[in-house]
2 protein chains.
Amino acid sequence: MSSHDFKQELFAQFARVGKALGNGNRLELLEFIAQGQRSVDELAKITGLTAANTSQHLQQLRQVGLVECRKQGLKVYYTLSSDDVIGLLDALRGVAERHVADVDRLITTYLTVKDELEPLPREELLARAHDGLVTVLDVRPAEEYAAGHVAGAVNIPLAELEHCLKDLDLDREIVAYCRGPHCVLAFDAVARLRKLGLKARRLEDGYPEWKTAGLPIETGEMMDKHD
Amino acid sequence: MSSHDFKQELFAQFARVGKALGNGNRLELLEFIAQGQRSVDELAKITGLTAANTSQHLQQLRQVGLVECRKQGLKVYYTLSSDDVIGLLDALRGVAERHVADVDRLITTYLTVKDELEPLPREELLARAHDGLVTVLDVRPAEEYAAGHVAGAVNIPLAELEHCLKDLDLDREIVAYCRGPHCVLAFDAVARLRKLGLKARRLEDGYPEWKTAGLPIETGEMMDKHD
DNA sequence: CAAGTATTCAATAGTTTAGTTGAATATAAT
DNA sequence: ATTATATTCAACTAAACTATTGAATACTTG
């Protein structure tokens, strides 16, 4: 095999991974899987894709090593193959956010809270949480919280936010997070909390990044994942 | 615009970047551009693509913000739009190397030197170079060296390696680098130097990574880039 | 201004991909 | 065993991508 063929072949292999990242549905699947393991039909329901289509996308992701699966009983559970993948997704998001005009436009028009206050960096949250200065709020659905969350975080899924305010210490600052740096849940939560006159900020990124950074996490109370 | 539409649209935008990375020729173009600015016809010649095809690929890369171009006289020069892109490419390579079986097989069968000796990390090279313990060898073509290289590195393009041995201090260890972590030039150089009985190692990655890490570089003696 | 070069545009054919549908397989529960 | 559920497979259509070709555009040089 010539040096030229090798190079071509190597780039072709890298391109396979790129191709796998080249579809919005697959990226959405990856974001959900990054929250914790998920079965095919859970993913199909969340994304709104058919089971067959979901399965096909998952197999593409698996073929390029982005996810792994494990059969348990009737279901097949998919997980990210490693934290490398979270880094790759963040790199992709970062480049898109900083260099694709459409992304910037989308974010600033839709995520109105975006620039009103800088999001809180991970390390800073860690310091403040340690000093007991803030309430850390996980606004993801209960199953995702159960699969793993920032140590000490309180879970109030977005839908129940207003009903559960009594569970929060209203004097302390609230820092909300969700699935990732562009997930709408935390933006939405911060906007609604501020409307209620509370001090609220957003963590700069989501649970997968927190976990990948090696920061302290807890896993849920072994809740069964029913729907 | 609903939250769901926003999410879909956002993932679709991220996917555009993924798609752009989903073709081996485009990845090869990016690697060349990462060495320094390049005109369309230079890139066409190096890659062996037609000018029209090269132009089309470059425009795709430009549309998703991976590269930028600047017209100067008769030629259009392309550059990476920022160092973010190098990080993204490295993340892609890393995931592929660690999780795609075919990539690992390719690398271990073709790059025979691969596991004989650990490649040298950047920081370690920096320390040793500072102490004057090693000769840093840039084995890329002269134009790429001229466009920028590791501070203090000697340039001997691979083709002239054996002819230019006299330029090297044969008693010191030689550390070779080239375009990136999987570029064959440095692997090849190390193999050939060792065959000649010299002490040679490979830098763990290439010039773009070195530069992006903020380590010291030099740019060439304003050579005109003719062919 | 004319000629030459570099780049881009437009049209095309062949290939690949996305998503749908219906069926096949495998496991669990009755 | 039979039934139900979860997942995958296979076949198909519509859409998108790649690379080629030839022409058009823009700039420089003589």
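Quantities reported herein were computed from a predicted structural model and do not represent experimental measurements. Quick note on labels: first sequence line is chain A, next is B, and so on, each numbered from 1.
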Taking atom [atom2] of [N] as reference, at what distance in whole Å does atom [atom1] of [X] sit?
X: B:Gln59; N: D:dC17; atom1: CD; atom2: P; result: 15 Å
X: B:Gln60; N: C:dC9; atom1: CD; atom2: C1'; result: 14 Å
X: B:Lys45; N: C:dT7; atom1: NZ; atom2: P; result: 9 Å
X: A:Glu42; N: D:dA6; atom1: CD; atom2: C1'; result: 12 Å
X: A:Arg16; N: C:dT16; atom1: CZ; atom2: P; result: 14 Å
X: A:Asp41; N: C:dA28; atom1: CG; atom2: P; result: 15 Å
X: A:Tyr77; N: C:dT27; atom1: OH; atom2: C1'; result: 13 Å
X: A:Asn25; N: D:dA15; atom1: CG; atom2: P; result: 17 Å

Compare the minimum distances between each of [options] and the side chain of [X], then state the nucleotide with the smallest one.
X: A:Thr50; options: C:dC9, C:dT7, C:dT20; answer: C:dT20
X: B:Val76; options: C:dT7, C:dT21, D:dA6; answer: C:dT7
X: B:Asn23; options: D:dT8, C:dT7, D:dT18; answer: D:dT18
X: A:Ala52; options: D:dT20, C:dG22, D:dT7; answer: C:dG22
X: A:His57; options: D:dC17, C:dG19, C:dT7; answer: C:dG19
X: B:Val40; options: C:dT7, D:dT8, D:dA19; answer: C:dT7

Any side-chain N or O of A:Tyr78 below 4.0 angstrom from OP1/OP2 of D:dT8?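 Yes, such a contact exists.
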Considering only heavy atoms from C-beta outward, does the side chain of [X] approach that of [Y] to under 4.5 Å?
X: B:His57; Y: B:Leu49; value: yes
X: B:Leu203; Y: B:Trp210; value: yes
X: A:Phe32; Y: A:Leu43; value: yes

If the helix axis at each end comes from five base pairs, how far does the helix from C:dC1-D:dG30 to C:dT30-D:dA1 deviate from straight, to 10°?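 One end's axis against the other's: 30°.
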Side chain of A:Thr135, backbone of A:Ile174: donor and acceptor closer than 3.5 Å?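 Such a contact is absent between A:Thr135 side chain and A:Ile174 backbone.
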Could you check whether any side-chain N or O of A:Asp84 sits under 3.5 Å from a backbone N or O of B:Val95, counting only pairs where one atom can act as donor and the other as acceptor?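 Judged by distance alone, no pair lies under 3.5 Å.
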Less than 4.0 angstrom from a charged side-chain N to a carboxylate O is my criterion; do A:Lys7 and B:Glu31 meet it?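 B:Glu31 and A:Lys7: not salt-bridged.
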Is A:Glu144 paired with A:Arg38 through a side-chain N to carboxylate O contact shorter than 4.0 Å?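 Judged by the 4.0 Å cut-off on N to carboxylate O distance, A:Arg38 and A:Glu144 do form a salt bridge.
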Please classify the nucleic acid contact of B:Thr54 as base, sugar-phosphate, or nothing, using heavy-atom distances under 4.0 Å.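 The residue B:Thr54 makes no contact with any strand.
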Donor-acceptor side-chain pairing of B:Glu9 and B:Gln13 below 3.5 angstrom: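 Per modelled atom types, B:Glu9 and B:Gln13 side chains form a pair under 3.5 Å.
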Quick check: on DNA chain C, is the nucleotide nearest A:Gln72 upstream (toward 5') of the one nearest A:Asn53, or the reverse? Name the residue that is more 5'.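 Its nearest nucleotide lies further toward 5', so the answer is A:Asn53.
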DNA chain C: A:Gly22 or B:Ser55, which has the more 5' nearest nucleotide?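 Going by which nucleotide is closer to the 5' end, it is B:Ser55.
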Which residue lies toward the 5' end of DNA chain D, A:Gln56 or A:Leu74, if each is placed at its nearest nucleotide?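 Per heavy-atom nearest nucleotide, the more 5' residue is A:Leu74.
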